[in-house]
Structure formats: structure tokens, C-alpha cells
Amino acid sequence: MQQLLIEEWMHYMNRTYPNLVQMFSIGTSYEGRPLYVLKLGKKAHKREIWMDCGIHAREWIGPAFCQWFVKEAVNTYKTDPVMKKILDVLYIYVMPVFNPDGYRYSWTHDRFWRKTRSKMRFNCYGVDANRNWKISFCEEGASLNPCDSTYCGPYAESEPEVKAVTQFLYKRRKHIKIYMTFHAYAQMVLYPYSYQYGAIPNYKCVESAAQKAVQAINSAYGVRYRHGPASSTLYLSSGSSIDWAYNNGIPYAFAFELRDTGYYGFLLPEGLIRPTCVETMLAVKNITMHLLRKCR
Ligand SMILES: [Zn+2]
């Protein structure tokens, strides 16, 4: 769905489900677009979850999944005991379009645009919003060249989109227990670290949550996902959102790489949006219930 239509849809969800959905903006993009977040849940809670989609503009299945999640949450709240439990005891923040400037640009100018749209040196545009976080900034797996697609930016949090999210997460860090970010493509469920090899302190718990998430995905249509630390399962990268979240006290941080493994790549056909969302939903619910069972 196009960027403006997603905004309209968010307003619609907010109006239609006022008891379950609140909408607010956490800042403004480089080109001046509001950075909207939906807050799902009932009454006052102690624990919270954050989900973002569309850090990378061309990965269109991401924003589609964030919307799917919100739609499913409000539609099944009354009928699905698992969803009811989740929304009764947790707040879930959903940011469907992390990088609205880039996302819009991928619709209007360049389908394969990845970065933000801030103007950089050498007449190049944009920063990789998943290399711009203040954690091991611009070391392994990030580029110092403003014209590269993995450019880390002139300094950490140079991008207003990254700055807005880190400020929000930092303020809520005592409450937020799970950080989830949705990318494509590779079919993987990844967790820290991205910037180095080696195990996180709560590896056992996080690994078993990831393993169960992958099994949940497989149970829907038999699609196979891999899981593991981002560094050894995908590649080394510095300044990433999951490492920042984990390093700032969020004990569960997951990056999903959704379908497929490269046959269609970023151009995932419309007919595969729904099954991808259905299986991913199972994984997200599974990880959330895992947390509720107090695995640390
Ligand atoms: Zn990505």
C-alpha cells in the first residue's frame, strides 16, 4: 500500500477501534512526514512490545505485515484467547513505516531504493537506517561512502527517523521487553549480536524462542526459515537496531527477514503477501507468549 494510504488507514483504525488502537507521531522524517506509531492494547500495563517495519524502503512486505498484524489483532481480539491475553496484559507499539521518505521514493522513483532520503556529500542521497544506530557505529559491515547502499551516515542517529525511534525506545526501555523489526528477504529469524560473533548473555532463552518461532512459521505452509545470531546467520553489520535495543536493556530483540529467498526477492508477488503474513503472525504470537511465560 502506498505511503499516504497507509497513513489514512492508520487514522481509520484509530477512529474505528478507539478502545484498542491509539495513534500518535514520535517525530518527523527528513522530508517532513510524521512518524506515526499505533499503540495496541487495553488499559494500563507494565510490559510493552515494539514492532517496526520498513526501515529499508524496498522491502515492501514489511509494512504489509505491520498492517496485517494490527488488522488481525483487532479482528481476533474477541474470538482468539491468545490475542485477547496478549492485548489485555501488554501494550504493543507498531510502526508500519519507519522510513516514509524512502518508502514513498521506492513507489515513485526507484523500486529498489533502500536508504532514507537525506542529502549527503557527493550529491548522493540517504543513509542506511539500519547502520545508523549508536552501537559499534560504522565498523564492520557498514560503508563510509555516502553513495553506497549501506552508508552508515555522518554520525550515529544522524537520521531523524532513527533519532525519533531511539528517543522513544530509550524513554520506554524499562517497560519494553521485546523489540521486533521486519525486513526482507532471506527467511530468517535473527537476534543479537549483529556487530560481533559470540553469544548474548540470555542466549539460551532467546535461541529457544527463535527456534519455536521458526517452527510456528513452518507449521502454516511448510516454509523453512533459518534462525540464529544475525552475525553468523546473515552477515556482520554494525549500528543495527537489534543490537541497539539489546544493548539498551530490551532482553528480546528479533529481526525477521521475511519471504522469499531470492526467486522474487524484493518483488514478492501480491499473492504471496497473505500467506507470508499468516505464517509470520504465528511466529510473533509465539514469541510473545514465550515472554509471558517469563523466560529470561
Ligand atoms: Zn532490510
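We count ligands from 1, going down the list as the structure has it; atoms in each ligand are counted the same way.
For the salt bridge (Lys or Arg N to Asp or Glu O under 4.0 Å) condition, the pairs that include at least one residue of residues 152-171, sequence neighbours left out, are Glu157-Lys163.
Residue Leu267 is found in a hydrophobic cluster whose other members, listed by chain and number, are Phe112, Tyr185, Phe266; membership requires side-chain heavy atoms under 4.5 Å apart, directly or through intermediates.
Geometrically, Arg111 engages Trp60 in a cation-pi contact defined by less than 6.0 Å to the ring centre and at most 45° from the axis. Both tests hold for Arg117 against Tyr125: distance to the six-membered ring centre under 6.0 Å, angle to the ring axis within 45°. Figure legend: cation-pi geometry between Arg173 and Tyr170, with NZ or CZ positioned under 6.0 Å from the six-membered ring centre and within 45° of its axis.
Taking a cut-off of 2.8 Å, the protein N, O or S atoms nearer than that to the Zn ion (ligand 1) are His56 ND1, Glu59 OE1, Glu59 OE2, His183 ND1.
When the side-chain contact (heavy atoms from CB on, under 4.5 Å) test is applied to Ile250, the partners found at least two apart in sequence or on another chain are Ile176, Tyr179, Ala245.
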